[in-house]
Amino acid sequence: MSALLIRSTAGEGFEGHFRLGQFWPRAGRVVAQDAFTTDEWAVLTADPCLHIGPAPDEAQVEAEAKVESLKARVRAASNQLEPGDFDADAQPKLGAVKERLPEEARKVTAKLVAEVWAEIARPT
């Protein structure tokens, strides 16, 4: 399986770019070449706000996959939150997310929860 790095070329002040219902950060995200159909790759490669290039080495790909997997679990946990699980700024409380992920609580950080919540709350 070959992998590619897709990153946003959005200007300063933008964290990234949405395309095909996914957020593409400025830092980039590694994806497998078989993750998208031919038509979807055509959409991605035609987008002037995205740069697609070779992926970093396999160790980095594996690390990125682990982060994406954890983010998916944080996203699922965030979708289970109750009204009292949010702070005054309508952001998920870190403890509430960790309670829903007891086996991975030590890996869940405030920064990760905020990043995932920004992706959830952002319109596509």
Side-chain angles (χ1 to χ4, degrees):
M1 164 180 70
S2 297
L4 294 170
L5 177 70
I6 301 177
R7 65 177 182 82
S8 170
T9 58
E12 289 297 320
F14 293 96
E15 294 179 33
H17 179 68
F18 278 92
R19 180 60 62 215
L20 294 179
Q22 296 189 43
F23 180 70
W24 303 101
R26 289 174 53 108
R29 202 171 85 207
V30 175
V31 298
Q33 284 185 322
D34 61 0
F36 298 102
T37 66
T38 303
D39 290 342
E40 290 170 329
W41 276 115
V43 169
L44 292 171
T45 57
D47 191 321
C49 293
L50 294 175
H51 172 78
I52 301 172
D57 65 35
E58 289 301 314
Q60 194 167 353
V61 170
E62 184 177 325
E64 181 69 22
K66 287 180 181 178
V67 169
E68 287 302 315
S69 178
L70 180 59
K71 285 174 78 172
R73 290 188 298 279
V74 168
R75 188 174 298 108
S78 297
N79 288 330
Q80 298 172 4
L81 296 175
E82 302 290 328
D85 295 331
F86 293 86
D87 64 20
D89 294 325
Q91 300 297 310
K93 293 179 181 175
L94 178 59
V97 175
K98 285 185 171 196
E99 284 176 11
R100 285 161 178 82
L101 297 169
E103 293 181 13
E104 296 166 314
R106 65 180 177 78
K107 297 178 189 174
V108 178
T109 64
K111 180 180 177 182
L112 178 64
V113 171
E115 183 179 324
V116 169
W117 187 248
E119 291 175 11
I120 291 171
R122 190 175 289 139
T124 56

(message) Quick one: does any side-chain atom of Thr9 pair with a main-chain N or O of Pro48 as donor and acceptor, under 3.5 Å?
(response) yes
(message) Checking the side chain of Ser8 only, and the main-chain atoms of Leu50 only, is there a donor and an acceptor separated by less than 3.5 Å?
(response) no
(request) Measure the NZ-NZ distance between Lys66 and Lys107 for me, rounded to the nearest 0.5 Å. (result) 7.5 Å
(message) Using a 3.5 Å distance criterion without hydrogens, assess whether the side chain of Asp47 forms a donor-acceptor pair with backbone atoms of Val43.
(response) no
(request) Supply the atom-to-atom distance Glu104 CD to Arg73 CZ, rounded to the nearest 0.5 angstrom. (result) 3.5 Å
(request) Taking all heavy atoms of Ala3 and all of Val30, pick out the closest pair and write down the distance. (result) CB-CG1, 3.7 Å
(message) Donor-acceptor pair, distance only, cut-off 3.5 Å: does the side chain of Asp85 make one with the backbone of Glu82?
(response) yes
(message) Tell me if a side-chain donor or acceptor on Arg26 pairs with a main-chain N or O of Ala10 at a distance below 3.5 Å.
(response) yes
(request) Heavy atoms only: give me the nearest Gly28-Arg7 pair and the separation to one decimal. (result) CA-CB, 3.4 Å
(message) Which heavy atom of Pro54 sits nearest to which heavy atom of Leu5, and what is that distance?
(response) O-CB, 3.6 Å
(message) Minimum heavy-atom separation for Leu94 and Ala110, please, with both atom names.
(response) CD1-N, 3.8 Å
(request) Working to the nearest 0.5 Å, report the span between CZ of Arg106 and NZ of Lys98. (result) 10.5 Å
(message) Between Trp41 and Gln33 (side chain of the first, backbone of the second, donor and acceptor by atom type, cut-off under 3.5 Å), is there such a pair?
(response) yes
(message) For Phe18 and Phe23, take the angle between the two ring planes, folded into 0 to 90°, and tell me which bin it lands in: parallel under 30, tilted 30 to 60, perpendicular over 60.
(response) tilted
(request) Take Asn79 and Arg75, measure what side chain to side chain contact (heavy atoms under 4.5 Å, CB included) needs, and give me the verdict at the end. (result) CA-CA 6 Å; Asn79 288 330; Arg75 188 174 298 108; 4.3 Å; yes
(request) Mind checking the CG-CG spacing from Leu44 to Leu20? Nearest 0.5 Å is all I need. (result) 4.5 Å
(message) If you define the side chain from C-beta out and look only at heavy atoms, does anything of Leu81 sit under 4.5 Å from Arg100?
(response) yes
(message) Please check this pair: side chain of Ser69 against backbone of Ala65, looking for a donor-acceptor N/O pair closer than 3.5 Å.
(response) no
(request) May I ask you to decide if Ile6's main-chain N or O and Trp24's side chain share a donor-acceptor pair within less than 3.5 Å? (result) no
(message) Please give me the minimum heavy-atom distance between Pro102 and Glu99, naming the atom from each residue.
(response) CD-O, 3.6 Å
(request) Examine distances only and state if a side-chain atom of Asp87 and a backbone atom of Asp89 form a donor-acceptor pair shorter than 3.5 Å. (result) yes
(request) Treating Ile, Leu, Val, Met, Phe, Trp and Tyr as nodes and any side-chain heavy-atom pair under 4.5 angstrom as an edge, say whether Val31 and Val67 lie in one connected cluster. (result) no
